[in-house]
Asker: 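Let me give you the structure first, and then I'll get to my questions.
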Amino acid sequence: MTDQEALFEYLLRLGDSTLILGHRISEWCGHAPVLEEDIALANTALDLIGQTQMWLGLAAEVEGAGRSADELAMLRDVWDFRNLLLVEQPNGDFGQTMMRQCLFDAFHIELLTALSQSDDNRIAGISAKALKEVTYHLDRSSETVIGLGDGTEESHRRMQAALDLLWPYVGEMVTPDAVDTAMHAAGIAPDLTALRARFDTRIDAILTDATLVKPDSTYAQTGGKTGFRHSEHLGHLLTQMQWLQRAYPGAAW
Amino acid sequence: MYAQMITSEATQDDPEKLTTFQARIDSGEKIEPKDWMPEGYRKTLIRQIGQHAHSEIVGQLPEGNWITRAPTLERKAILLAKVQDEAGHGLYLYGAAETLGVSRDELTEMLLDGRMKYSSIFNYPTLTWADMGAVGLLVDGAAIMNQVPLQRTSYGPYSRAMIRICKEESFHQRQGYHIMMKMAQGTTAQKKMAQDALNRFWYPSLMMFGPSDKDSVHSAQSMAWKIKMNTNDELRQKFVDQTVPQAEFLGLTVPDKTLRWNEDKGGYDFAEPDWSEFFDVIKGNGPCNTERLAARNKAWDDGAWVRDGLMAHAAKKRAAKLAAE
């Protein structure tokens, strides 16, 4: 893999993760438990789709094959997606959605903080902008996880179940592979091992306040960011998201 | 008009107070929550603002139906922003209604058990992407007709909510027009979708204004109170006059063979919608009434544990803070 190819892969990881999570959250629109939550979820989805436009726009530029951000989003199949497995997991109940969000946000904020110091100015610029949005995302998702974890018996039980269900997808975010290592060596991306410590500190504090117990397992499902093996859920998501572009090829919308 | 068929409440207040109240309205003063107001004014406003708020909330559903299938990242972002605005409009309006002594939860329960209505238009399905254009062009276009004059309504909180809402609605209508334009200039299939969307949404949009109310006593009372600013027929005429040239510009055909420009009145003559269909929809027999209410009920019921959990947590925090003091 050349440096350019690794950079392209890395940008897809960033853009595909925000795209798929943004899409997932947008599925809530009009169906959230409280009006304020509906608005906040739509707002988060909107931020993530905006970040996707920037990441995939840059990925397309780096690839230099004449593809646009929209073509990357709408015309690739499952095996070409590089998003984290965590973000393609279904919404489940509201608690599961917010737990997924909180786990991702706690990682995302650390990643963007580091990337805003990247040697690549384009990446640093996008990250600095996205960081402002993600700071709000984490404030909100962590408050909700804490509120529901330390709420009623039922809300506590549901949040613990959500944490147990999603924990195996945490490892992939914070465990470096060849692309992460190459990006770190090139001064573009942070050392994920060091980032993991900061992520753990954040998550431990949130889970303590939420009276939730972190699962005693380090087992990690992998295959999302490499594209080697996504979950079955991604194909269904793409079926819906890409339908118009697939059904009416070449049309402008 | 996200509020249709609002019957005004009879008022049995002190005639002297009523006269003073009416004089304030006639002189263009705003009525504020703490001011004296006739019981009928208060109740009619609750019904009208509540119905408008419910329409914004239920109105998220037909467009929300296409967020996950929006064709490009930009379209997805715009549609999300629009539907989010609608939820925000619901929030302002519930806030305005709350100043009249009814809680948001009470209003929500009345929506969910069918005691309160929402606009008939949201009981129609959105079947193709062009429907996102038609909804913006026609539904938001019709809503603006009513909401612009309501910025001058007599009740202060309602008027201020309308001012904020109108700013966003004009953006909504523009995005609808832009979608329609892309489709109308697009491939054969896209043109067909655009025309089909116009065909399906034209008459339901005309119904949004409600049946003629030129002889209605309820309407006369509401107009005297300045909580209704124009008759339904006036607004419908204005809407047709504005929309027909837009459709023509797009190369689309309004599905009304009787449509003609009438030089004498300076407006179009047009066919009335099928009012029996309107009354059926209002009664709950529209194509999507069942689904729309079921979706709102499901969101509310599924969310009960979340609301309870967050309330319980807030109570614990308050107790801990008190104990620490």
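So that the names make sense, note that chain A is the first sequence line, chain B the second, and so on, each numbered from 1. Predicted model only: the values in this text are computed from it and were never measured.
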Asker: Would you sort out whether Arg158(A) and Trp305(B) count as a side chain to side chain contact (heavy atoms under 4.5 Å, CB included), showing the intermediate values?
Answerer: CA-CA 9 Å; Arg158(A) 285 176 182 259; Trp305(B) 73 269; 3.3 Å; yes
Asker: Would you mind telling me which of Arg104(B), Arg75(B), Arg296(B), Glu63(B) has the largest number of heavy-atom pairs within less than 4.5 Å of chain A?
Answerer: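 Between Arg104(B), Arg75(B), Arg296(B), Glu63(B), the count favours Arg104(B).
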Asker: For Arg246(A), does the CZ atom sit with more than 12 other heavy atoms under 6.0 Å from it, leaving out its own atoms?
Answerer: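 Yes - once you tally the heavy atoms of other residues, nucleotides and ligands closer than 6.0 Å, there are more than 12.
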Asker: Mind checking the CD-OG spacing from Gln84(B) to Ser26(A)? Nearest 0.5 Å is all I need.
Answerer: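 Reported to 0.5 Å precision, the distance equals 12.0 Å.
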Asker: Of the listed residues (His23(A), Glu153(A), Met241(A), Glu154(A)), which shares the most heavy-atom pairs with chain B below a 4.5 Å separation?
Answerer: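 If we count pairs closer than 4.5 Å to chain B, His23(A) comes out on top.
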Asker: Taking Arg307(B) for the side chain and Pro33(A) for the main chain, is one N or O donor matched with an acceptor at less than 3.5 Å?
Answerer: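 Yes: the side chain of Arg307(B) pairs with the backbone of Pro33(A).
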Asker: Give a yes or no on whether the backbone of Arg69(B) and the side-chain of Gln240(A) come within a donor-acceptor separation of less than 3.5 Å.
Answerer: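 A pair under 3.5 Å: no.
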Asker: Between Gly309(B) and Ser155(A), which heavy-atom pair has the shortest distance, and what is it?
Answerer: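 For Gly309(B) and Ser155(A), the tightest heavy-atom pair comes out as CA-OG, 3.8 Å.
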Asker: Quick check on Ala70(B) against chain A: is it the side chain, the backbone, both or neither that has a heavy atom closer than 4.5 Å?
Answerer: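 Just the backbone, heavy atoms under 4.5 Å.
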Asker: Could you tell me which portion of Leu79(B) (side chain, backbone, both or neither) has an atom closer than 4.5 angstrom to a non-hydrogen atom of chain A?
Answerer: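 Neither part.
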Asker: Heavy atoms only: give me the nearest Ala45(A)-Leu80(B) pair and the separation to one decimal.
Answerer: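 Closest approach of Ala45(A) to Leu80(B), heavy atoms only: CB-CD1, 3.8 Å.
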Asker: Under 3.5 Å, is there a donor-acceptor pair between the side chain of Glu74(B) and the main chain of Gln53(A)?
Answerer: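 Between the backbone of Gln53(A) and the side chain of Glu74(B) there is no qualifying donor-acceptor contact (under 3.5 Å).
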Asker: Testing the basics here: between Met74(A) and Leu73(B), what is the closest heavy-atom pair and its distance to 0.1 Å?
Answerer: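 Here Met74(A) and Leu73(B) meet closest at CE-N, 4.3 Å.
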Asker: Under 4.5 Å heavy-atom distance to chain B, tell me which part of Ala69(A) shows up: side chain, backbone, both or neither.
Answerer: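 When you check distances to chain B, atoms from both the backbone and side chain of Ala69(A) fall under 4.5 Å.
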Asker: With a 4.5 angstrom heavy-atom cut-off, is it the side chain or the backbone of Met159(A) that approaches chain B, or both, or neither?
Answerer: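 It is the side chain, since no backbone atom gets that close.
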Asker: Heavy-atom cut-off 4.5 Å, strictly under: side chain, backbone, both or neither for Ala189(B) against chain A?
Answerer: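 For Ala189(B), the side chain is the part near chain A, not the backbone.
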Asker: If we only count heavy atoms from C-beta on, is the Asp93(A) to Asp302(B) side-chain gap below 4.5 Å?
Answerer: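 They are not in contact (no side-chain heavy atoms under 4.5 Å apart), so the answer is no.
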Asker: May I ask you to say whether Lys317(B) pairs ionically with Glu143(A), meaning some side-chain N is under 4.0 Å from a carboxylate O?
Answerer: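 So Lys317(B) does not pair with Glu143(A) through a salt bridge.
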Asker: Select one option (side chain, backbone, both, neither) describing which atoms of Gln245(A) are under 4.5 Å from chain B's heavy atoms.
Answerer: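 Just its side chain gets close to chain B.
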Asker: Considering non-hydrogen atoms only, spot the tightest contact between Leu46(A) and Ala77(B) and give its length.
Answerer: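 Result for this residue pair: CD1-O, 3.0 Å.
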Asker: Do Trp253(A) and Met132(B) pass the side chain to side chain contact (heavy atoms under 4.5 Å, CB included) test, and can you show the C-alpha distance, the side-chain angles, and the key distance before you say yes or no?
Answerer: CA-CA 12 Å; Trp253(A) 303 92; Met132(B) 297 302 97; over 6 Å; no
Asker: Identify the two heavy atoms, one from Gly151(A) and one from Lys316(B), that lie closest to each other, and give their separation to 0.1 Å.
Answerer: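 Minimum heavy-atom contact is O-NZ, 3.0 Å.
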Asker: Do Thr152(A) and Met311(B) have side-chain heavy atoms sitting under 4.5 Å apart?
Answerer: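 Answer no - side chains too far apart.
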Asker: Can you confirm whether Lys298(B) is buried at NZ, in the sense that more than 12 heavy atoms of other residues, nucleotides or ligands lie under 6.0 Å from that atom?
Answerer: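 It does not: Lys298(B) NZ has 12 such atoms or fewer within range.
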Asker: Of the listed residues (Gly90(B), Ala81(B), Gly186(B)), which shares the most heavy-atom pairs with chain A below a 4.5 Å separation?
Answerer: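 Looking at each of Gly90(B), Ala81(B), Gly186(B) in turn, Ala81(B) comes out on top.
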Asker: By a 4.5 Å heavy-atom criterion (distance strictly below it), what part of Glu86(B) contacts chain A: side chain, backbone, both, or neither?
Answerer: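 When you check distances to chain A, no heavy atom of Glu86(B) falls under 4.5 Å.
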Asker: Got Met98(A) and Val306(B) here, is their nearest side-chain heavy-atom distance under 4.5 Å?
Answerer: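 With C-beta onward as the side chain, the pair stays apart.
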Asker: Which heavy-atom pair separates Cys29(A) from Val83(B) by the least distance, and what is that distance?
Answerer: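 Nearest pair, atom of Cys29(A) first, then Val83(B): SG-CG1, 3.3 Å.
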Asker: Less than 4.5 Å to any heavy atom of chain B: does that hold for the side chain of Leu148(A), its backbone, both, or neither?
Answerer: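 For Leu148(A), backbone and side chain are both near chain B.
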Asker: In terms of heavy-atom proximity below 4.5 Å to chain B, should Ile146(A) be classed as side chain, backbone, both, or neither?
Answerer: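 For Ile146(A), backbone and side chain are both near chain B.
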Asker: Would you say Lys129(A) has more than 12 foreign heavy atoms packed within less than 6.0 Å of its NZ?
Answerer: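 No, not enclosed.
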Asker: Is there side-chain contact between Leu61(B) and His31(A), with at least one heavy-atom pair below 4.5 Å?
Answerer: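 Side chain of Leu61(B) against side chain of His31(A), heavy atoms only: contact under 4.5 Å found.
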Asker: Only pairs of heavy atoms separated by less than 4.5 Å count here; which of Ala251(A), Gly50(A), Gly147(A) has the most with chain B?
Answerer: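 Of the candidates given, the most pairs with chain B belong to Gly147(A).
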Asker: Counting heavy-atom pairs under 4.5 Å with chain B, which one of Ile49(A), Asp70(A), Leu48(A), Asp38(A) comes out on top?
Answerer: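 Max contact count across the listed options: Asp70(A).
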Asker: Hey, could you give me the OG1/CG distance between Thr68(B) and Leu237(A), rounded to the nearest 0.5 Å?
Answerer: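 Reported value, rounded in 0.5 Å steps: 8.5 Å.
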Asker: Which answer fits Trp243(A), side chain, backbone, both or neither, if we ask what part of it has an atom under 4.5 Å from a heavy atom of chain B?
Answerer: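 Side chain only.
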Asker: With rounding to the nearest 0.5 Å, note down the distance linking OG1 in Thr128(B) to CG in Leu244(A).
Answerer: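 Going from the OG1 atom of Thr128(B) to the CG atom of Leu244(A) covers 8.5 Å.
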Asker: Top residue by heavy-atom pair count (under 4.5 Å) with chain B, among Glu36(A), Gln242(A), Glu27(A)?
Answerer: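 Heavy-atom pairs under 4.5 Å are most numerous for Glu36(A).
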